[in-house]
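A quick write-up on the structure given underneath.
Computed from a predicted model, the values in this text were never measured in an experiment. Chain A is the first sequence line, chain B the second, and so forth, proteins listed ahead of strands; every chain is numbered from 1.
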Amino acid sequence: MLATVASVNSANRLKVHLSDKYHIPSRIIQTPSSLTKEGCGYSLKFEDKHKNAVKSCAAELRINIRAFFREENTGNKVNYVKE
Amino acid sequence: MIYLDNAATTFPKPDAVISAVTDFLTKCGASPGRGSYDSALHSSEILFRCQENIATLFSIPSPERIVFTKNATEAINAAIFGTVLPGDEIIISSMEHNSVMRSSHEATVRGAKLKIAHASPTGKVDPSSIERLISNKTKLICLIHSSNVSGTINDIHSVLSIAKKHNILTLFDLSQSAGIIPIDASLFDMAAFSGHKGLMGTMGTGCLYVREGISIKPLLYGGTGSYSESARMPDFFPDLFHAGTLNAPGIAALNEGVKFILREGVYEKEAEITRYLYDSLMNIPSVTVPGERERTSAVSITAKGFDPIFIAHELNREGICVRAGLHCAPLAHRTLGTIEKGTLRFSPGFFTEKADIDIALMSFKKIIEK
């Protein structure tokens, strides 16, 4: 799952806090261009089951998550479904 | 060489600071906030870690609102020109460095009004003298925490209380105090500081902290690696102030410098060596030392009958690095009564030993007793 955020700085804060406090691993990726109208965004990628923890973590840090996207693999393509 | 110009920039640097630069340049090299390959993300993480460590050092509640600049001067310019509008009033003190004095003067050229609170002959600014200057047009109070000439430490917390009572913004210049004395910036509005002085980083780094809720315009406009389709700057920190490629090797070094301070607890050693220098100078009859004993590491002196520049030149011949002149702070020299010839400034640092001071003062005495 992806959580899209405004900046790489927000993504880093979220990633580190998730790891330190919730022990949840995540990875920063550039937001796929199909998911952002503004261009050059960053997202945090994590397992779907951690969505609520990511929400809580973002709330604690007052980081605005723009949207969550579930990934669906169809062959060698990935579709993103907004949650 | 005996280096006693730490008020200008600290030297030597901790080993970890030097390694951070070489490691960055040899193993990472990528621009922070640009791309998502591993080394670009690593570069972004260094920047983020540096903000976190600075926030820990100064008890700053929102690390993302610490933005990187090329020096404290740029940070001060960003704070003044980002908040002060034509018709607004700025209050500064008579101990300010030209970084504040010249940018405030430029603000008057752009339509603001400048008021100056006069400090005592020791360089101390009475908070009530600032309060007396406040009017309903006062937008910003800008005050040096510690003088780069006399080392005098101002009571910024009292000034902050006064400013909050009158709903006025404050900007504190921490260039001489950051990393030298403990600072609690948790309630500050804005603070500017160098990365390469007390924080032990490299030249080309500085920071501006802007409290949440303060409306400020950036000094620079350009690419931030975020919101790229928009013609406007992002409205969130730190991106609002991070137009253009950042000095990532310098920020990596600054991060290690801040970690060094957090780890080593440098304050008492710096205070002790400064007291030793001050007391030693006070024992030389023809020497005058403006300011108070409790100070940051700038110890400026005048020696009766001598041009400070001549003494600095002679000391340089002995391998002793000190700075003479006005130290980019003419207002402060007027306040201290040293405007005519300026002063000779000795400024020790964390790595200065008492033996260094002894050798430097032995050479100094030889020059003035010739």
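- For chain A, the nearby part of B:R34 is the backbone; its heavy atoms alone come within less than 4.5 Å.
- Both the backbone and the side chain of A:R13 come within contact range of chain B, each with at least one heavy atom under 4.5 Å from a heavy atom of that chain.
- Not less than 6.0 angstrom separates the ring centroid of B:F193 from the ring centroid of B:Y209.
- Ranked by non-hydrogen atom pairs under 4.5 Å with chain A, the options B:P234, B:S36, B:P32 are led by B:S36.
- Counted within 6.0 Å of CZ on B:R232, heavy atoms from surrounding residues, nucleotides or ligands total 12 or fewer; the atom is thus considered open.
- The part of B:F236 that comes within reach of chain A is its side chain, from C-beta onward, which places non-hydrogen atoms under 4.5 angstrom from that chain.
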Run the numbers on A:E60 and A:K21 for salt bridge (charged side-chain N to carboxylate O under 4.0 Å, His left out), then give the verdict. CA-CA 11 Å; A:E60 284 165 23; A:K21 188 172 174 190; 3.1 Å; yes
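- The part of A:I29 that comes within reach of chain B is its backbone (N, CA, C, O), which places non-hydrogen atoms under 4.5 angstrom from that chain.
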B:S175 vs B:D173, side-chain hydrogen bond (donor to acceptor under 3.5 Å, both in side chains): CA-CA, chis, key distance, verdict: CA-CA 6 Å; B:S175 298; B:D173 174 5; 2.6 Å; yes
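- Listed options B:A40, B:G35, B:S62 were ranked by heavy-atom pairs under 4.5 angstrom with chain A; first place goes to B:G35.
- Put simply, of A:Q30, A:R27, A:K15, the one with the most heavy-atom pairs under 4.5 Å next to chain B is A:Q30.
- Without hydrogens or angle criteria, B:S43 side chain to B:A30 main chain gives a donor-acceptor distance under 3.5 Å.
- In this structure, B:F24 has its ring center no closer than 6.0 Å to that of B:H42.
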